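Below: one structure, written as structure tokens.
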Amino acid sequence: MQFDTNTTVLIIEDSQTVRQGLRTMLSMAGITRSEAVSNASEARNRLRGKNYDVVLCDYNLGEGMDGQELLEAMRKGGNLPLSTIWIMITGERHYERVVAAAEMAPDDYILKPFASQLLLDRMNLAGQRKTFLSPAHKLLSQGKVEQAIQALLQLARETQNAQYRLDAKRLAAELLVNEGRQGEALSIYQELLTQRVIPWAKMGVARIVAEQGETQESNALLREIIADAPRYTDAYDLLAQNLIDDGQYQTAAVVLEKAVAISPRNFNRLKSCGTALLRCGDPAKASEYLQRAVEIGRNNTFFGPDVLVDLLQACSESGQTQQLDRLQAEIAGRLDELPGGRLTMAVCRAMTALAQQRPADALAQLQGVAADLRARDTDFVSAQRFLSAAVRLPDELSSDLPQQWGHGIALRFADGRHELGTLLEISHKHEAGHAAIEHAYETLQQESNKAVELAGNGKLEEAAAMLYQLSQDTLNERISMNACALLLRNCESRHKASRDFAEEQRQVRRLIDWLPEDNERVRGFLRRLQALDPDCE
């Protein structure tokens with residue numbers, strides 16, 4: 001890559017003096033098409049609207065996300081061409097440990113202070129690496145992902161340059177993960193780790209094994225990365241998510257608080273930390289983090305009314321009534337952005353009423369939308385919020401309603417230990433509700449096991465009928481999926497034997513109409529159904 005008067009450069013630096021100095025360095029080398037912004041928000045707008053040959057970004061940007069977080073956000077969002085050179089500028093010597101672990105690393109980094117010749121030398125070296133990878137970049141720009149992956153693996157085999165080989169394998173693994181081919185990406189990462197310890201390869205393994213359900217193995221790898229690169233916040237985020245998936249909200253909150261201390265103005269991290277604290281029963285501290293998230297995130301593309309709902313809940317549970325009415329009004333204005341909006345709005349009103357010592361009003365709000373707990377668009381988060389309000393109702397007023405609602409929510413959403421743990425955590429102060437949720441989970445397990453036993457004994461039609469009825473009673477997605485699979489097997493068997501399968505077909509159609517349309521397993525069910533009846537839409 002040649003740098004000349006046509007080269008475009010974006011400078012991202014919060015110091016005006018440094019911005020001017022960098023532009024002067026570039027102009028002395030004949031690079032005159034440079035632009036400068038002072039923060040991550042401005043940079044994101046520029047990068048979304050225009051492609052640059054080079055980005056020079058300061059690591060510490062003051063307000064908002066830091067340079068590393070900005071790089072990762074732009075790469076994940078598809079707003080940064082792979083051909084763009086990204087060089088990080090930092091005065092912090094620990095950054096070399098951060099970048100060693102980062103899955104999405106800059107092309108190079110420079111420690112302050114530095115001379116203009118060093119900057120140009122680093123740009124030239126980065127340009128040579130980009131030129132080496134350019135065949136794959138060109139294929140990707142044409143949408144030919146598979147050909148790009150093969151080109152990268154070929155480049156890795158042919159080059160004698162160890163750094164180039166590493167670059168090619170790193171990008172190939174990243175593309176494989178994006179394509180959902182985790183097994184192939186895992187093989188690349190593991191091969192690299194047999195040669196030497198590479199933190200970003202270890203991070204790649206940690207992410208993949210977590211997706212495969214091996215959270216203990218993933219957690220061990222993440223703790224190793226954090227020990228080696230203690231300021232690499234992405235590792236904290238994934239570790240916290242693993243802990244949340246296992247229902248360990250308290251431990252997750254501790255991990256996230258450490259990450260927030262390192263990067264105190266990251267909206268997503270503040271929100272996650274506040275939500276974890278809310279779930280583990282510390283609403284006062286949760287409200288502090290969520291309030292900061294709201295203040296920082298209002299102009300963030302990730303900002304939505306869900307964080308306002310969490311803040312309202314935290315304020316309600318901690319007795320902070322001053323801003324409840326304002327939050328409630330703001331949430332109402334963005335209701336169409338919330339899944340299960342009518343249900344969530346009623347829960348917000350109930351939480352406000354509870355904090356304002358109006359329990360009868362809270363009960364009326366929850367009773368008015370309790371039927372929506374069985375609505376298709378009600379998700380697990382909405383149900384959790386409903387339960388959080390229900391278990392706060394006074395016993396003398398609510399009778400046995402909280403345990404009834406908790407039982408129904410558990411039947412629908414308690415697919416595994418994580419969901420069960422979350423519901424039990426919410427209801428831990430409500431003994432009857434806690435017991436009802438445990439009973440619902442036991443019922444699901446027992447009935448599912450009975451169906452498995454029937455199927456194992458060759459009684460497929462009996463097992464399918466049992467699961468179908470259970471799916472209608474519970475609206476549980478996992479049960480419905482299993483019922484659909486068995487019913488389709490019976491349809492196919494009956495079709496092959498020229499026997500009528502109209503009733504089973506009707507049941508399958510009813511299940512598919514309920515299940516999420518974008519689920520690959522559901523799409524597979526639909527294809528099988530259409531193969532049996534080509535006229536079926």
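Just so you know, these numbers come straight off a predicted model, no measurement behind them.
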Please determine which of T8, N6, T84 meets the side-chain hydrogen bond (donor to acceptor under 3.5 Å, both in side chains) test together with D53. T8
Electrostatic pair K130-D107, nearest N-O below 4.0 angstrom: yes
Compute whether any side-chain donor of one residue and acceptor of the other, for E257 and Y289, lie under 3.5 angstrom apart. yes
Any side-chain donor near an acceptor of the partner, Q150 and Q154, under 3.5 Å: no
Do D121 and Q117 meet the criterion of a side-chain donor-acceptor pair at a distance under 3.5 Å? yes
Residues that E184 engages under side-chain hydrogen bond (donor to acceptor under 3.5 Å, both in side chains), provided they are two or more places apart: R181
Do I437 and L387 have side-chain heavy atoms sitting under 4.5 Å apart? yes
Determine, for E13 against K112, whether the closest basic-nitrogen to carboxylate-oxygen distance falls under 4.0 angstrom. yes
Exceeds 12 heavy-atom contacts within 6.0 angstrom, atom CD of Q16: no
T7 side-chain N/O to D4 backbone N/O, donor-acceptor pair under 3.5 Å: yes
Once rounded to the nearest 0.5 Å, what's the spacing between atom CD1 of I12 and atom CZ of R44? 11.0 Å
Validation row: F114, R122 side chains within 4.5 angstrom (heavy atoms): no
Suppose we screen for side-chain hydrogen bond (donor to acceptor under 3.5 Å, both in side chains). Which residues come up paired with R165, at least two apart in sequence or across chains? none
Output the distance between atom CG (L119) and atom CE (M25), rounded to the nearest 0.5 Å. 6.5 Å
Under a 4.5 Å cut-off applied to non-hydrogen side-chain atoms, are Y189 and M203 in contact? no
Any donor-acceptor N or O pair under 3.5 Å, side chains R23, Q20: no
Between W200 and L192, is there a side-chain heavy-atom distance shorter than 4.5 Å? yes
Does a donor on one side chain sit under 3.5 Å from an acceptor on the other, for T275 and Y249? no
Between S287 and L311 the two heavy atoms that sit nearest each other are O-CD1, 3.7 Å
Would you find a donor on one side and an acceptor on the other, under 3.5 Å apart, between the side chain of S427 and the backbone of L423? yes
Say you draw a straight line from CG of D167 to NZ of K169; how long is it, rounded to the nearest 0.5 Å? 12.0 Å
